[in-house]
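Here the structure is laid out as structure tokens; the discussion comes afterwards.
Count residues from 1 along the sequence. As the structure lists them, so they are numbered: ligands from 1, and atoms in each ligand from 1.
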Amino acid sequence: MSSVASVVLDKTALFRDLQYTPHPGQFVIHQSTALRRVVACGVRWGKSKVASMEAVAAALEPRDHHCVGWVVGPTYDIADRVYREIVMTMAEHLKHRIVSLREHEKRLVVRNLGGGLSEIRAKSADNPVSLLGEGLDWLVVDEASRLKPMIWESYLSQRLIDKRGWALLISTPKGKGWFYDLYRRGQGADADYQSWNWPSVTNPRLDRKVIEAERARIPDRTFRQEYEAEFCEGSGSVFRGVREAARGAWQNPIAGETYWAGLDLARVEDYTVLVIVNSKREVVFADRFTRIDWSVQVSRIAAACERYGGPRVFVDSTGPGEPIVASLRSAGIRARPFVMSAQSKTDLINNLALLLEKGEVVLPRPELWSAGIEELESYEFSTSDAGNVRMSSPSGVHDDCVVALALALWPLRRRSEPIFLL
Ligand SMILES: Nc1ncnc2c1ncn2[C@@H]1O[C@H](COP(=O)(O)OP(=O)(O)OP(=O)(O)O)[C@@H](O)[C@H]1O
Ligand SMILES: [Mg+2]
């Protein structure tokens, strides 16, 4: 196998008709005839655009059989983004070619340039059963690095064998999982594969200044992965600058100062931790206690909060959730729920990492807050084979202080601006 079957369609002319001008990086990908194209580029690089335009071109290509192509994402929403763009492009420029559009099935059928039928379907990889079945002429996978490894091997690549179909896998990198392996194959190891790795700045439509400003707003490791499209190493400590930050002391309440608090409630075997910070992001108070009677816990938290003028308290409300928040509120605590999901926890921890890295948090000295400093220093991230990044304490070490501190600092986060196109 070496290249796609003879391409009759003139992509350049088609893209001109669609008023789409690929930037130089996108152009190279459209030009490639490799059966497996792997695109590992930074955010806002124009990855999804490349994918949707390739799909439109593939659907229009004349074929001697009913052509079927899939757009797959780790979730339905992600697949749907590319699918929508395809539908919109068709509806805007090639309406007469649309044969049927079944919204609930995410299935679009168009008449191709040879008069035959081409079908495009959007699929989610979080429902692998839906990936069984038909042979495909082409396959686009968006945010590929977020798919579980077995999905590509067990479900997707096989769909392409019968019809010698092509695949275009696009994504920002995520650790050194299966997507990285495919990327490596495209660097000369396998003639069927071709791969590219470009940072966001190589999209000439992105404003460099905005990207540089982002560098200052997100943790270094995140910037390298998301904007520089670096396949970051497998594990390491999440927080840098902890020792440098640990130079402060506990502080009594000061009239006129505003305080914020974070609360991580004990579950089975850990601690309840309350952390209070001031508007300069200095930790002024922390309390940590093992499971004691709930009413005792609440009055202890309420007393501390009252001393500091009744700060807003972000509390991890996962699990028992609302009743706990209600119970804290009835004790006069200004509790605000924070629902932990994989994404919201990453955002929460990233914010703390960034503030520490930029020297914008002051912690009590290690001898004053050993539990907190030790937890922060041992907190790790690791990348699973699936490419999922997990951030947690090593087993045996608690993370209640980390979570309570991150919750306290959540309202004081640095904000990222949206990335504008020029
Ligand atoms: N060649 C182009 N011409 C015009 N607009 C483009 C081009 N390439 C990308 N865009 C637009 O730029 C924006 C970002 O592109 P796209 O969504 O494809 O990037 P991405 O790399 O998939 O981003 P993300 O990391 O957010 O998924 C979109 O609004 C898209 O329509
Ligand atoms: Mg995209």
Side-chain angles (χ1 to χ4, degrees), residues 11-32 37-58 70-93 120 122-126 139-147 167-175 179 183 195-211 213-215 217-218 222-232 343 346-347 350 387 389 416-422:
K11 266 196 228 175
T12 312
L14 171 69
F15 292 161
R16 205 182 312 119
D17 290 349
L18 299 177
Q19 286 151 23
Y20 162 57
T21 314
H23 65 62
Q26 292 173 321
F27 183 78
V28 170
I29 292 159
H30 289 305
Q31 286 286 302
S32 164
R37 286 173 286 174
V38 183
V39 180
C41 294
V43 290
R44 311 308 285 156
W45 184 83
K47 305 178 298 297
S48 298
K49 187 81 175 176
V50 165
S52 62
M53 289 299 155
E54 272 298 299
V56 169
W70 283 1
V71 175
V72 177
T75 62
Y76 220 58
D77 282 357
I78 289 170
D80 194 44
R81 264 184 255 156
V82 172
Y83 177 76
R84 280 244 119 259
E85 173 116 19
I86 297 166
V87 170
M88 273 156 52
T89 305
M90 284 287 180
E92 190 179 337
H93 299 276
I120 302 174
K123 298 267 183 179
S124 166
D126 63 14
L139 172 66
V140 155
V141 187
D142 198 4
E143 299 298 346
S145 67
R146 289 165 56 184
L147 261 61
L168 171 62
L169 300 105
I170 58 175
S171 192
T172 46
K174 200 159 217 183
F179 182 70
Y183 168 76
S195 62
W196 301 270
N197 179 218
W198 281 315
S200 301
V201 292
T202 58
N203 174 356
R205 286 165 202 274
L206 285 182
D207 186 342
R208 271 164 189 268
K209 286 202 288 296
V210 178
I211 297 178
E214 255 329 86
R215 191 195 289 274
R217 288 198 188 93
I218 58 178
T222 311
F223 185 84
R224 285 192 282 124
Q225 173 173 289
E226 300 296 317
Y227 288 88
E228 298 186 331
E230 196 180 303
F231 288 95
C232 292
Q343 185 57 51
T346 304
D347 293 344
N350 272 345
V389 178
S416 293
E417 278 169 24
I419 297 293
F420 296 109
L421 291 174
L422 288 175

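V39 has its side chain within reach of L168: a pair of non-hydrogen atoms, C-beta onward, lies under 4.5 Å apart. Contact of the M88 side chain with the E92 side chain is not registered, since no non-hydrogen atoms from C-beta on lie closer than 4.5 Å. A 4.5 Å side-chain heavy-atom check between I170 and I29 finds every atom pair outside the cut-off. Residues L147 and L169 fail the side-chain proximity criterion, which asks for heavy atoms closer than 4.5 Å. In this structure, T222 and N350 have side chains that are in contact, with non-hydrogen atoms separated by less than 4.5 Å. In this structure, the side chains of Y227 and V201 stay at 4.5 Å or more apart for every pair of heavy atoms. A heavy-atom distance below 4.5 Å is found between the side chains of K47 and T172.
Geometrically, ligand 1 and G46 share a nitrogen or oxygen pair separated by less than 3.5 Å. The distance criterion of under 3.5 Å between nitrogen or oxygen atoms is not met by Y20 with respect to ligand 1.
Taking only non-hydrogen atoms, the option from R81, K49, R44, E85 nearest to atom 24 (P) of ligand 1 is R44. Scanning R205, Q26, H23 for the heavy atom closest to atom 5 (N) of ligand 1 points to R205.
Within ligand 1, counting atoms from 1 as listed, the ones closer than 4.0 Å to a heavy atom of E143 are 27 (O). Close approach of ligand 1 to V43 is summarised as follows: ligand atoms under 4.0 Å from at least one heavy atom of the residue are 25 (O). Listed by number with element, the atoms of ligand 1 under 4.0 Å from a non-hydrogen atom of P22 are 1 (N). When each atom of ligand 1 is checked for a heavy atom of T21 under 4.0 Å away, the hits are 1 (N), 2 (C), 3 (N).
Heavy atoms of S48 found under 4.0 angstrom from ligand 1 belong to the backbone as well as the side chain. Under 4.0 Å from ligand 1, not a single heavy atom of D142 appears.
Scored by the salt bridge (Lys or Arg N to Asp or Glu O under 4.0 Å) test, R16 finds no partners at all (sequence neighbours excluded). Legend: residues meeting side chain to side chain contact (heavy atoms under 4.5 Å, CB included) with A229, ordered by chain and number and at least two apart, are P173, N197. H93 pairs by the side chain to side chain contact (heavy atoms under 4.5 Å, CB included) definition with L18, Q19, T89, not counting sequence neighbours.
Near the Mg ion (ligand 2), less than 2.8 Å away, sit the protein N, O or S atoms S48 OG.
At a cut-off of 3.5 Å, with distance as the only test, a side-chain donor of D126 or S124 sits close to an acceptor on the other residue.
Residue contact check for ligand 1: E226 places no non-hydrogen atom closer than 4.0 Å to it.
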